[in-house]
Amino acid sequence: MKNYNKVFIFVIIAIILMFLLVNLIILNVEIGDGRSYRVEANRIAEKIMKQGFDSIDISEYSYIESIHILAGDEKSFFEGSNKDYLIKEVDGYYYRLEYSAKSENYIKGIRNTVNIAIGIMALFTI
């Protein structure tokens with residue numbers, strides 16, 4: 001029975017270490033080339049040209065987090081939040097598109113899937 005307890009404790013420790021290691025790896029993973037936000041920015045620019053600024057629903061995009069229009073006050077336009085941004089000129093107006101190079105939804109999905117898989121493995125092992 002002593003050997004069984006030692007093996008059981010070893011397996012529990014191994015599962016916990018695997019869980020921690022996998023989560024650390026996922027937190028530091030680089031996804032893609034980091035330029036997917038440019039595709040979304042171009043799609044937004046095209047949509048603004050065709051349908052106008054009011055047709056943009058920011059929740060439809062994974063990488064673009066906010067859009068600001070240059071409306072006279074250049075200082076506030078360039079001194080927004082501390083996020084990365086790019087500027088697009090569309091129909092004579094300048095738009096500041098703040099983005100995140102990593103899609104948070106994608107990373108959360110991967111992390112949740114892996115954690116569920118490790119949890120299922122742990123249940124079948126124990």
Side-chain angles (χ1 to χ4, degrees):
M1 199 65 171
K2 280 187 174 183
N3 287 338
Y4 175 77
N5 288 339
K6 287 179 185 178
V7 170
F8 183 75
I9 290 172
F10 175 77
V11 168
I12 296 294
I13 291 172
I15 290 171
I16 291 171
L17 287 175
M18 182 173 58
F19 174 79
L20 292 174
L21 181 66
V22 167
N23 278 287
L24 283 174
I25 290 170
I26 290 173
L27 286 175
N28 294 318
V29 71
E30 290 293 325
I31 297 174
D33 61 357
R35 299 203 180 266
S36 298
Y37 64 91
R38 290 184 177 270
V39 174
E40 287 189 353
N42 289 333
R43 288 180 184 157
I44 289 172
E46 286 181 25
K47 192 169 184 178
I48 291 172
M49 285 189 332
K50 292 177 182 175
Q51 301 174 5
F53 180 71
D54 294 333
S55 67
I56 302 297
D57 180 12
I58 204 72
S59 65
E60 294 177 5
Y61 303 97
S62 299
Y63 297 93
I64 304 297
E65 296 178 354
S66 65
I67 303 172
H68 307 281
I69 303 172
L70 176 59
D73 186 14
E74 291 182 13
K75 187 174 182 180
S76 66
F77 180 74
F78 289 105
E79 292 180 352
S81 65
N82 292 330
K83 297 182 181 186
D84 294 327
Y85 66 92
L86 61 97
I87 297 175
K88 287 277 193 188
E89 180 184 4
V90 181
D91 291 336
Y93 293 98
Y94 290 98
Y95 296 88
R96 173 186 164 135
L97 294 96
E98 294 181 350
Y99 64 87
S100 171
K102 292 182 181 179
S103 172
E104 294 299 320
N105 294 335
Y106 184 71
I107 293 172
K108 285 179 186 175
I110 290 174
R111 187 173 53 229
N112 290 341
T113 303
V114 169
N115 286 334
I116 289 170
I118 292 173
I120 292 170
M121 282 184 355
L123 285 175
F124 283 115
T125 305
I126 297 173

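The figures here come from the full heavy-atom set of this structure, side chains too, leaving out hydrogens, waters and symmetry mates.
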TODO: With side chain to side chain contact (heavy atoms under 4.5 Å, CB included) as the test, would you mind laying out the steps for K88 and R96 before giving the verdict?
DONE: CA-CA 7 Å; K88 287 277 193 188; R96 173 186 164 135; over 6 Å; no
Which heavy-atom pair separates [X] from [Y] by the least distance, and what is that distance?
| X | Y | result |
| --- | --- | --- |
| M49 | V90 | CG-CG1, 3.2 Å |
| L86 | A41 | CD1-CB, 3.9 Å |
| I64 | Y37 | CD1-O, 3.8 Å |

TODO: Return yes if some donor-acceptor pair links the side-chain N/O of E65 with the main-chain N/O of E98 below 3.5 Å, else return no.
DONE: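 Judged by distance alone, no pair lies under 3.5 Å.
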Open item on the list: Can a donor-acceptor pair be found, under 3.5 Å and without considering hydrogens, that links the side chain of E89 to the backbone of Y95?
Closed with: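 Side chain of E89 to backbone of Y95, a donor-acceptor pair under 3.5 Å: no, none is there.
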- [ ] With sequence neighbours excluded, tell me which residues meet side chain to side chain contact (heavy atoms under 4.5 Å, CB included) with D84.
- [x]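 Side chain to side chain contact (heavy atoms under 4.5 Å, CB included) check on D84 returns Y99.
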Task: Reference residue I116; test side-chain contact (heavy atoms from CB on, under 4.5 Å); the match among I118, V114, T113, I120 - done: I120
TODO: Begin with the C-alpha distance, continue with both residues' side-chain angles, and end with the deciding distance and a verdict on side chain to side chain contact (heavy atoms under 4.5 Å, CB included) for I13 and I9.
DONE: CA-CA 6 Å; I13 291 172; I9 290 172; 3.8 Å; yes
- [ ] Spell out, yes or no, whether L20 and M18 are grouped together once hydrophobic residues are joined by side-chain heavy atoms under 4.5 Å, including indirect joins.
- [x] yes
- [ ] Give a yes or no on whether Y4 and I12 share a hydrophobic cluster (residues Ile, Leu, Val, Met, Phe, Trp, Tyr; joining criterion: side-chain heavy atoms under 4.5 Å apart).
- [x]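 Shared cluster, yes.
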- [ ] Starting from V39, walk the hydrophobic network (Ile, Leu, Val, Met, Phe, Trp, Tyr; side-chain heavy atoms closer than 4.5 Å) and list everyone else you reach, by chain and number.
- [x]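 Hydrophobic cluster check, V39: no partners found.
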Task: Flag if over 12 foreign heavy atoms under 6.0 Å of OH, Y93 - done: no
- [ ] Kindly compute the distance separating CD1 (I56) from CD1 (I67), expressed to the nearest 0.5 Å.
- [x]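 CD1 of I67 is found 5.5 Å from CD1 of I56.
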Open item on the list: Taking the side chain as everything from C-beta on, heavy atoms only, tell me whether I44 gets closer than 4.5 Å to Y61.
Closed with: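 A side-chain contact exists here, since the closest heavy-atom pair is under 4.5 Å.
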- [ ] Report the C-alpha distance between L97 and Y85 in whole Å, list the side-chain angles of each, state the deciding distance to 0.1 Å, and finish with yes or no for side chain to side chain contact (heavy atoms under 4.5 Å, CB included).
- [x] CA-CA 5 Å; L97 294 96; Y85 66 92; over 6 Å; no
Open item on the list: Evaluate K47 against E60 for side chain to side chain contact (heavy atoms under 4.5 Å, CB included), listing each step before the verdict.
Closed with: CA-CA 12 Å; K47 192 169 184 178; E60 294 177 5; 3.5 Å; yes
